[in-house]
K.L.:
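Dropping a structure here in structure tokens format, bear with me for questions.
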Amino acid sequence: METGLTIRQVAQQTGLSIDTLRYYERIGLLEPVGRAQNGHRRYTQHDLAWIDLLMRLRDTGMPRAQMVRFAELRRQGSATLTERRLMLEQHQHSLQQHMQELEQHMATLQHKIVRIKELEAQQDIASHPARAFGQSEAAVSASNPDTK
């Protein structure tokens, strides 16, 4: 009995296309995947965990060349632990800077939204002065002989 997941199953689980999985293997992001007797790829849980990390690195903006370098270092074993840690720490630092920038952008947007809402409220009051004094639109219409 064959064990492991097919490329189609991995594509479904990860959201990556079959072509992307093959490409990742071809450029060295993935180690050569084990094969069943019929020659079809069979992915292990270890492969899936690595793919998950690759997707997170990609989604956080790590350049592909840097990801390939990280994969190469990983294949070299424990002698490269420090270099891999330093790469991840540098990426983490870049992410922290980017997150701070995004927080500043978010604060600016929030401030602008509040300001626009204030202007809208002022505009609404100017165009419907009775609302400023708490009268409903129906009450204003009922008391205005021109609307009858």
Side-chain angles (χ1 to χ4, degrees), residues 1-138 140-141:
M1 181 173 166
E2 295 177 357
T3 60
L5 299 171
T6 66
I7 196 168
R8 183 174 311 281
Q9 291 169 319
V10 172
Q12 289 171 342
Q13 281 189 20
T14 63
L16 296 174
S17 70
I18 290 172
D19 288 338
T20 298
L21 289 166
R22 289 180 179 142
Y23 173 71
Y24 280 6
E25 189 175 349
R26 188 171 61 250
I27 67 170
L29 279 176
L30 293 175
E31 294 180 30
V33 177
R35 304 285 179 141
Q37 288 182 350
N38 62 7
H40 295 168
R41 289 172 176 84
R42 291 290 184 254
Y43 293 81
T44 66
Q45 290 304 313
H46 181 73
D47 294 326
L48 286 177
W50 176 246
I51 291 168
D52 180 66
L53 177 62
L54 291 175
M55 290 173 61
R56 290 176 190 276
L57 293 174
R58 179 199 65 190
D59 291 347
T60 56
M62 183 180 275
R64 186 175 302 129
Q66 196 173 354
M67 291 170 58
V68 170
R69 176 69 182 142
F70 188 80
E72 290 169 354
L73 291 170
R74 179 178 174 255
R75 279 190 287 281
Q76 293 174 24
S78 61
T80 65
L81 282 172
T82 301
E83 190 173 352
R84 286 184 277 158
R85 177 184 51 79
L86 291 172
M87 283 182 74
L88 291 177
E89 286 176 347
Q90 200 287 321
H91 185 62
Q92 179 184 36
H93 179 72
S94 295
L95 275 178
Q96 287 171 334
Q97 285 182 318
H98 186 64
M99 288 171 62
Q100 287 174 346
E101 290 170 5
L102 288 175
E103 286 173 1
Q104 290 171 352
H105 297 323
M106 180 64 80
T108 300
L109 287 174
Q110 288 171 334
H111 177 74
K112 189 63 173 177
I113 289 167
V114 166
R115 183 65 184 129
I116 289 173
K117 285 181 177 181
E118 290 169 353
L119 292 171
E120 287 175 329
Q122 289 172 3
Q123 186 179 40
D124 190 42
I125 290 169
S127 63
H128 301 94
R131 288 187 189 165
F133 298 106
Q135 292 181 328
S136 71
E137 196 169 310
V140 171
S141 294

K.L.:
Applying side-chain contact (heavy atoms from CB on, under 4.5 Å), run through Leu16 and Met55 and close with a yes or a no.
P.N.:
CA-CA 9 Å; Leu16 296 174; Met55 290 173 61; 4.0 Å; yes
K.L.:
Distance-only, no hydrogens or angles: does the Asp47 side chain make a donor-acceptor pair with backbone N or O of Thr44 under 3.5 Å?
P.N.:
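Pair found, side chain donor or acceptor close to backbone of Thr44.
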K.L.:
What verdict does the salt bridge (Lys or Arg N to Asp or Glu O under 4.0 Å) test give for Arg69 and Glu72, after you've listed the backbone C-alpha separation in whole Å, the side-chain angles of each residue and the deciding distance to 0.1 Å?
P.N.:
CA-CA 5 Å; Arg69 176 69 182 142; Glu72 290 169 354; 3.7 Å; yes
K.L.:
I'd like to know whether CZ of Arg64 has more than 12 heavy-atom contacts from other residues, nucleotides or ligands below 6.0 angstrom.
P.N.:
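Open: at most 12 neighbouring heavy atoms sit under 6.0 Å from CZ of Arg64.
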K.L.:
Verify the neighbour count for atom CZ of Arg8: are there more than 12 heavy atoms of other residues, nucleotides or ligands below 6.0 Å?
P.N.:
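Result for CZ/Arg8: open.
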K.L.:
Count the heavy atoms of every other residue, nucleotide or ligand shown that sit under 6.0 Å from CD of Gln123, and state whether that count exceeds 12.
P.N.:
no
K.L.:
Mind checking the NE2-CD1 spacing from His40 to Ile7? Nearest 0.5 Å is all I need.
P.N.:
10.5 Å
K.L.:
Could you give the distance from OG1 (Thr82) to CG (Leu86), rounded to the nearest 0.5 Å?
P.N.:
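Reported value, rounded in 0.5 Å steps: 6.5 Å.
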K.L.:
Could you pull out the closest heavy-atom pair between Val10 and Leu21, with the gap in Å?
P.N.:
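Scanning both residues completely, I find the closest heavy atoms to be CG1-CD1, 3.7 Å.
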K.L.:
Show your working on side-chain contact (heavy atoms from CB on, under 4.5 Å) between Met62 and Arg58 and close with a plain yes or no.
P.N.:
CA-CA 5 Å; Met62 183 180 275; Arg58 179 199 65 190; over 6 Å; no
K.L.:
Tell me, with the steps shown, if Glu120 and Lys117 meet salt bridge (Lys or Arg N to Asp or Glu O under 4.0 Å).
P.N.:
CA-CA 5 Å; Glu120 287 175 329; Lys117 285 181 177 181; over 6 Å; no
K.L.:
I'd like to know if the side chain of Glu31 reaches the main chain of Arg75, judged simply by a donor and an acceptor atom lying under 3.5 Å from each other, with no hydrogens or angles considered.
P.N.:
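Pair absent, no side-chain N/O of Glu31 close to backbone of Arg75.
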K.L.:
What distance do Thr6 atom OG1 and Arg42 atom CZ have between them, rounded to the nearest 0.5 Å?
P.N.:
6.0 Å
K.L.:
For atom CZ of Arg56, decide whether the heavy atoms of other residues, nucleotides or ligands shown that lie under 6.0 angstrom number more than 12.
P.N.:
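Counting other residues, nucleotides and ligands, CZ of Arg56 stays at 12 neighbours or fewer.
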K.L.:
Would you find a donor on one side and an acceptor on the other, under 3.5 Å apart, between the side chain of Thr108 and the backbone of Gln104?
P.N.:
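Pair found, side chain donor or acceptor close to backbone of Gln104.
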K.L.:
For the backbone of Leu29 and the side chain of Trp50, can you confirm whether one donor and one acceptor N or O come within less than 3.5 Å of each other?
P.N.:
yes
